[in-house]
Amino acid sequence: MTATTCFSLSSTDNVAHLVMSRPGELNTMNPTFWRELDEVLTQIHTQGTARALVISSTGKHFSAGMSLETFAGAISMDDQSPEGRAAIFDLLTDMQGTFTKLENLRIPVICAIQGGCIGGAVDMVTAACIRYASADAFFCIQEINIGMVADVGTLQRLPKLIPFAVVKEMAYTGRRLPAARAMAYGLVNEVFDTHEATVATALQCAQEIASKPPVAIWGTKQAVNYARDHSVEDSLRQMGWLQGAVWSNAHVREAIAAMKEKRAGDFTPLTPLQPFKTLG
């Protein structure tokens, strides 16, 4: 991947760490942000070397969401014709697809959130698997405050994470949800005094995940996400097919031996992916 301007990406012991790196701009989301994030996620997904991804940020706020200058001309939103309004659908589908890559990534995604998680940032973190927050963090569905409907995932994913009435309160009023209340509702797993402690915990959790068989983690993420959107009966049936696909006697033996011997397990990484269109 070419050098990025909105992020820094590092990897240690099979844990990828993606850091939003524009604190002076409150890590807002301009077209370059979306393009670079999409490229990074595609790279991580296809390589198969990372076993967990941590997303953190720099500065006072995690992210202030979509940059306002984007609406001033970087994105064309033609509401003067049916053809233009139809194109809005396709534009949003493309933007939604980037955050859906977080949800569909072959590895778990953990967010470490400080300060404001606003607008598009809520869209992003709700597509992650695990969220940790510092005590100063807050969540805000900012879109209603600038005269629009949140449209890149918040209104679809947040009701699966916290009580429906709380989602409506946030979405209708644009009020801030403080970290303590977010944890009480289950949006974040734990709240820490400092941003540094939040990131350290996220990395520690990622390292623990990375010590498990990658294909078992892959299968677990598949099963949990499927169960969220399907009936128990359908999910149990899917589980049978899934377990039959990923079961490994060797992985189970190695995991048990590693526990008994108090050492790290030795597991096969995920297979690198090559898009079909690049073959031949």
key: In one Ile/Leu/Val/Met/Phe/Trp/Tyr side-chain cluster, 4.5 Å: V125, M183   = yes
ask   = Are T49 and I44 side-chain neighbours, meaning at least one heavy-atom pair lies under 4.5 Å?
value = no
Greater than 12 external heavy atoms within 6.0 Å of D193's CG = no
request  = Taking side-chain hydrogen bond (donor to acceptor under 3.5 Å, both in side chains) as the test, write out the residues that go with T5, two or more places apart.
outcome  = E36
ask   = SG/C140 to CD1/I118 distance, rounded to the nearest 0.5 angstrom?
value = 6.0 Å
inquiry  = Does any part of the side chain of L105, heavy atoms only, come nearer than 4.5 Å to the side chain of L53, both counted from C-beta?
reply    = yes
query = In Å, rounded to the nearest 0.5 Å, how long is the span from CE of M66 to CG of D151?
reply = 7.5 Å
inquiry  = With rounding to the nearest 0.5 angstrom, report the OG1 to CD distance, T46 to Q274.
reply    = 9.5 Å
request  = Indicate yes or no for a side-chain donor-acceptor contact from D136 to the backbone of G115 under 3.5 Å, with no hydrogens or angles considered.
outcome  = yes
task = Measure from the ring center of F99 to the ring center of W34 and say whether it is less than 6.0 Å.
result = yes
query = Considering only heavy atoms from C-beta outward, does the side chain of L177 approach that of Y185 to under 4.5 Å?
reply = yes
inquiry  = Using the rule side chain to side chain contact (heavy atoms under 4.5 Å, CB included), only one of I55, T58, L9, V54 pairs with V19; which is it?
reply    = T58
ask   = Does N14 reach the main-chain N or O of R51 with its side chain, forming a donor-acceptor pair under 3.5 Å?
value = no
ask   = Any idea which heavy atoms bring V109 and A128 closest together, and the distance?
value = O-CB, 3.7 Å
ask   = Is it the case that one hydrophobic cluster holds both F138 and L26, taking links as side-chain heavy atoms less than 4.5 Å apart, direct or via other members?
value = no
query = Could you walk me through whether R228 and E103 pass the salt bridge (Lys or Arg N to Asp or Glu O under 4.0 Å) check?
reply = CA-CA 12 Å; R228 179 195 61 188; E103 197 167 59; 2.7 Å; yes
message = For the backbone of C6 and the side chain of T4, can you confirm whether one donor and one acceptor N or O come within less than 3.5 Å of each other?
response = no
query = So, does E254 use its side chain to make a donor-acceptor pair with the main chain of D266 at under 3.5 Å?
reply = yes
query = Is R22 reaching over with its side chain to a backbone N or O of N27, donor-acceptor style, under 3.5 angstrom?
reply = no
request  = Would you check if P214 and L270 make a side-chain contact, meaning some heavy-atom pair closer than 4.5 Å?
outcome  = yes
task = Would you check if the side chain of S57 reaches a backbone N or O of F62 as a donor-acceptor pair within less than 3.5 Å?
result = yes
request  = For the residue pair L155 and V149, establish whether any side-chain heavy-atom pair is separated by less than 4.5 Å.
outcome  = yes
message = Give me the atom names and distance for the closest heavy-atom approach of R85 to Q80.
response = NH1-C, 3.9 Å
query = Under 3.5 Å, side chain of R131 to main-chain N/O of L187, donor-acceptor pair present?
reply = yes
key: Pairwise distance CZ(R157) to OG1(T126) - rounded to 0.5 angstrom   = 6.0 Å
task = Can you establish whether the number of heavy atoms outside K60 located under 6.0 Å from its atom NZ is more than 12?
result = no
Main-chain N/O of R106 paired to K221 side chain as donor or acceptor, under 3.5 Å = no
ask   = Do side-chain atoms of T154 reach the backbone of A150 as a donor and acceptor pair under 3.5 angstrom?
value = no
request  = Say whether, by atom type as modelled, one donor and one acceptor occur between the side chain of H195 and the main chain of H61 under 3.5 angstrom.
outcome  = no
key: Residues I144, Y172; criterion side-chain contact (heavy atoms from CB on, under 4.5 Å); working and verdict   = CA-CA 7 Å; I144 197 65; Y172 297 159; 6.0 Å; no
request  = With the side chain counted from C-beta on, respond yes when L203 and Q207 share a heavy-atom pair under 4.5 Å apart, and no when they do not.
outcome  = no
message = If you compare all heavy atoms of F33 against all heavy atoms of T28, which two are closest, and at what distance to 0.1 Å?
response = CD1-O, 4.0 Å
request  = May I ask you to test the M170-R176 pair for a side-chain heavy-atom distance under 4.5 Å?
outcome  = no
key: Shortest non-hydrogen contact between C117 and I113, atoms and distance   = CB-CG2, 3.9 Å
request  = Look at the aromatic rings of F267 and H251 and report parallel, tilted or perpendicular, splitting at 30° and 60°.
outcome  = perpendicular
inquiry  = With a 4.5 Å cut-off on side-chain heavy-atom distances among I, L, V, M, F, W and Y, is there a chain of contacts connecting W218 to Y226?
reply    = no
inquiry  = Ignoring hydrogens, what is the shortest heavy-atom contact between N145 and G174? Give both atom names and the distance.
reply    = ND2-O, 3.4 Å
request  = For residues A264 and A258, report the shortest heavy-atom separation together with the two atoms involved.
outcome  = C-CB, 4.1 Å
task = Could I get the full list of side-chain hydrogen bond (donor to acceptor under 3.5 Å, both in side chains) partners for D38, not counting sequence neighbours?
result = T98, K101
task = Can you measure from CZ (F89) to CG (D94) and round to the nearest 0.5 angstrom?
result = 11.5 Å
key: Pairs involving residues 236-248, ordered by first then second residue, that meet salt bridge (charged side-chain N to carboxylate O under 4.0 Å, His left out) (sequence neighbours left out)   = E233-R237, D234-R237
key: Point-to-point distance, once rounded to the nearest 0.5 Å, from OG1 of T220 to CG of N225   = 11.0 Å
ask   = Is it the case that H17 and T12 place a side-chain donor and acceptor less than 3.5 Å from each other?
value = no
ask   = When you look at E169 and R181, which way does the salt bridge (Lys or Arg N to Asp or Glu O under 4.0 Å) test go after all the steps?
value = CA-CA 13 Å; E169 179 185 29; R181 283 186 64 200; 3.7 Å; yes
query = How about Y132 and V188: do any of their side-chain heavy atoms sit closer than 4.5 Å?
reply = no
inquiry  = For residues V40 and V15: do they belong to one hydrophobic cluster (side chain heavy atoms under 4.5 Å, members Ile, Leu, Val, Met, Phe, Trp, Tyr)?
reply    = no
query = Is I130 reachable from V199 through a run of I, L, V, M, F, W or Y residues, each pair having side-chain heavy atoms under 4.5 Å apart?
reply = yes
task = Take D229 and K160 through the side-chain contact (heavy atoms from CB on, under 4.5 Å) test and state the conclusion after the steps.
result = CA-CA 9 Å; D229 300 324; K160 305 293 180 73; 2.8 Å; yes
request  = Could you walk me through whether S56 and M20 pass the side-chain contact (heavy atoms from CB on, under 4.5 Å) test, one step at a time?
outcome  = CA-CA 6 Å; S56 68; M20 291 184 276; over 6 Å; no
